[in-house]
*Asks:* 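Provided herewith is a single structure, encoded as structure tokens, for subsequent inquiry.
Reckoned from all heavy atoms, side chains included, excluding hydrogens, waters and symmetry mates.
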Amino acid sequence: MTFGLPHFLIDPIIFDALKEDINEEDFSTNSVVDEKATGSVHLLAKEEGILAGLPVFERVFHLLDNRTKVEFFKCDGDRVKKGEKIATVSGPLRALLTGERVALNFLQRMCGIATYTNKMARALEGTNTKIADTRKTTPNFRLFAKYAVRIGGGTNHRYNLSDGVMLKDNHIAAAGSIEKAVKSARSYTSFMKKIEVEVENMDMVKEAVAAGADIIMLDNMSREDMKSAIDYIADRAVVELSGNVSFDNIKDYGDLGADIISSGSLTHSAPVLDLSMKGLRHDPN
């Protein structure tokens with residue numbers, strides 16, 4: 001399975017999860033399973049959804065014991081139905097049992113994010129507006145969460161505070177005005193960094209356009225004001241809509257003509273996809 005992320009980035013996250021689950025040893029498994037025992041177990045879908053994170057699932061078992069093997073019948077981005085077999089994990093039984101919960105925790109969460117993102121993306125079909133995530137992610141899980149958003153058909157907002165300039169209300173208050181904040185950001189950062197300004201009314205929209213903001217986020221504005229703002233901005237900046245956007249209301253914004261709709265719900269409110277490892281088989285001696 002290809003993942004697009006090097007092991008030196010993902011392995012520390014997986015090791016931390018394993019250390020959280022095993023601070024000495026797996027007494028449940030080690031007390032009943034011989035260290036030489038081998039076998040296999042199936043990964044099954046218990047509900048319909050979009051798969052994301054299969055290479056992470058696989059890596060958990062490899063880090064526990066590099067003799068484990070995972071045969072996949074599906075790929076990241078595939079839609080699975082309830083009861084479908086996704087993979088078979090084989091190798092030392094101790095590794096299979098010890099890694100089960102950590103592997104499933106990663107996979108179920110990533111699949112849930114991809115599945116919810118896919119619902120949001122499909123709600124915007126027929127428009128030129130893309131759904132994007134935010135930095136509202138579980139600590140130390142952002143790398144995987146944003147990958148899952150892409151697999152689900154969404155796009156990523158900035159990855160972290162070093163990825164771009166985003167001037168929110170408190171930044172603007174600290175600077176004294178939008179004009180001063182944008183001017184200061186231009187002089188401080190590289191020409192490669194885009195500058196986004198968060199606005200809440202038409203006066204702020206006009207100031208952000210005049211200041212030369214690259215991206216203007218319309219935050220928690222009424223539908224009527226958003227439409228007026230988009231018409232005013234025209235092609236002078238990328239337009240992003242934000243503010244308590246969820247699957248229940250995203251269609252209310254899809255026809256306004258914005259470039260991006262960002263939603264923290266993609267990563268902080270997506271339910272996990274129910275998966276399980278069943279049918280464990282002990283290899284004959």
Side-chain angles (χ1 to χ4, degrees), residues 116-137 146 149-150 152-173 175 177-186 188-269:
Y116 187 67
T117 300
N118 188 255
K119 287 178 61 178
M120 297 277 268
R122 285 190 287 117
L124 293 175
E125 286 180 352
T127 75
N128 293 320
T129 304
K130 296 180 180 180
I131 184 69
D133 53 28
T134 70
R135 285 171 44 247
K136 296 177 181 178
T137 56
K146 284 184 171 284
V149 166
R150 296 196 304 273
T155 191
N156 296 145
H157 209 286
R158 60 177 177 163
Y159 182 78
N160 58 27
L161 294 174
S162 301
D163 206 26
V165 176
M166 186 171 178
L167 304 172
K168 299 173 75 68
D169 53 354
N170 288 332
H171 298 101
I172 295 166
S177 70
I178 291 176
E179 181 183 9
K180 290 179 180 178
V182 171
K183 183 177 180 180
S184 180
R186 288 276 184 222
Y188 185 85
T189 59
S190 164
F191 70 96
M192 295 293 290
K193 301 286 186 185
K194 290 187 176 182
I195 297 176
E196 178 167 11
V197 176
E198 178 187 271
V199 301
E200 300 174 356
N201 55 57
M202 279 301 299
D203 288 339
M204 295 178 74
V205 169
K206 293 176 181 178
E207 189 177 357
V209 169
D214 300 302
I215 307 164
I216 299 176
M217 175 198 285
L218 311 180
D219 187 49
N220 284 302
M221 293 171 62
S222 69
R223 179 182 168 83
E224 293 74 18
D225 285 347
M226 284 182 178
K227 181 59 178 173
S228 297
I230 292 169
D231 290 342
Y232 179 83
I233 296 168
D235 295 324
R236 289 178 287 180
V238 172
V239 179
E240 175 184 342
L241 307 184
S242 186
N244 299 311
V245 179
S246 68
F247 179 71
D248 293 333
N249 62 15
I250 191 169
K251 288 185 178 180
D252 295 337
Y253 303 99
D255 62 350
L256 290 174
D259 299 291
I260 299 290
I261 296 176
S262 59
S263 174
S265 69
L266 298 185
T267 53
H268 69 56
S269 295

*Asks:* Return yes when atom CD of Glu200 has more than 12 non-hydrogen atoms of other residues, nucleotides or ligands closer than 6.0 Å, and no otherwise.
*Replies:* yes

*Asks:* As a test of understanding, state which of Lys136, Arg135, Glu196 forms a side chain to side chain contact (heavy atoms under 4.5 Å, CB included) with His157.
*Replies:* Glu196

*Asks:* Would Asn220 and Asn244 count as a side-chain contact (heavy atoms from CB on, under 4.5 Å) here? Give the steps.
*Replies:* CA-CA 8 Å; Asn220 284 302; Asn244 299 311; 3.5 Å; yes

*Asks:* Just wondering, are more than 12 heavy atoms of other shown residues or ligands nearer than 6.0 Å to CG in Asp231?
*Replies:* yes

*Asks:* Under a 3.5 Å distance rule, please check whether Thr189 uses its side chain to pair with a backbone N or O of Ala185 as donor and acceptor.
*Replies:* yes

*Asks:* Whether Asp255 and Arg223 form a salt bridge (side-chain N of Lys/Arg under 4.0 Å from carboxylate O of Asp/Glu) is what I want to check.
*Replies:* yes

*Asks:* Rounded to the nearest 0.5 Å, how far does CD1 of Ile215 lie from CG of Asp259?
*Replies:* 9.5 Å

*Asks:* In terms of side-chain heavy atoms, does Ser262 have a donor or acceptor partner in Ser242 at a distance below 3.5 Å?
*Replies:* yes

*Asks:* With a 4.5 Å limit on heavy-atom distance, are the side chains of Ile172 and Val199 in contact?
*Replies:* no

*Asks:* To the closest 0.5 Å, what do you measure between CG (Leu241) and CG (Asp252)?
*Replies:* 11.5 Å

*Asks:* Hey, what do you get for CG (Asp133) to CE (Met120), rounding to the nearest 0.5 Å?
*Replies:* 11.0 Å

*Asks:* CD of Glu207 to CE of Met202: how many Å apart, nearest 0.5 Å?
*Replies:* 12.5 Å

*Asks:* Which atom names give the shortest non-hydrogen contact between Met204 and Glu198, and what distance separates them?
*Replies:* CE-O, 3.7 Å

*Asks:* At their closest point, which heavy atom of Ser265 faces which heavy atom of Ser246, and how far apart are they?
*Replies:* OG-CA, 4.0 Å

*Asks:* Rounded to the nearest 0.5 Å, what separation is found between the NZ atom of Lys130 and the CG atom of Leu124?
*Replies:* 12.0 Å

*Asks:* Atom CD1 of Ile233 and atom CE of Met226: how far apart are they, to the nearest 0.5 Å?
*Replies:* 11.0 Å

*Asks:* Just to verify, what does Asp214 make a salt bridge (charged side-chain N to carboxylate O under 4.0 Å, His left out) with, not counting sequence neighbours?
*Replies:* Arg186

*Asks:* Answer yes or no: is there a donor N or O on one side and an acceptor on the other, between the side chain of Ser263 and the main chain of Val245, under 3.5 Å?
*Replies:* yes

*Asks:* At their closest point, which heavy atom of Tyr116 faces which heavy atom of Phe247, and how far apart are they?
*Replies:* OH-N, 3.1 Å

*Asks:* Would you mind telling me which of Ile230, Val239, Thr129 makes a side chain to side chain contact (heavy atoms under 4.5 Å, CB included) with Leu256?
*Replies:* Ile230

*Asks:* Using a 4.5 Å cut-off on heavy atoms from C-beta on, say whether the side chain of Ile195 contacts that of Leu167.
*Replies:* yes

*Asks:* Looking at Tyr159, is its backbone amide N or carbonyl O close enough to the side chain of Asp163 to form a donor-acceptor pair, meaning the two atoms are under 3.5 Å apart?
*Replies:* yes

*Asks:* If every non-hydrogen atom of Ile216 is compared with every non-hydrogen atom of Val205, which pair is closest and at what distance?
*Replies:* CD1-O, 4.4 Å

*Asks:* Please report the shortest heavy-atom distance between Ala211 and Val182, naming the atom on each side.
*Replies:* O-CG1, 3.4 Å

*Asks:* Measure across Thr134 and Gly264 and return the closest heavy-atom pair with its distance rounded to 0.1 Å.
*Replies:* OG1-CA, 3.4 Å

*Asks:* Using only atom types and a distance under 3.5 Å, with no angle test, would you say the side chain of Thr117 pairs donor to acceptor with the backbone of Leu266?
*Replies:* no

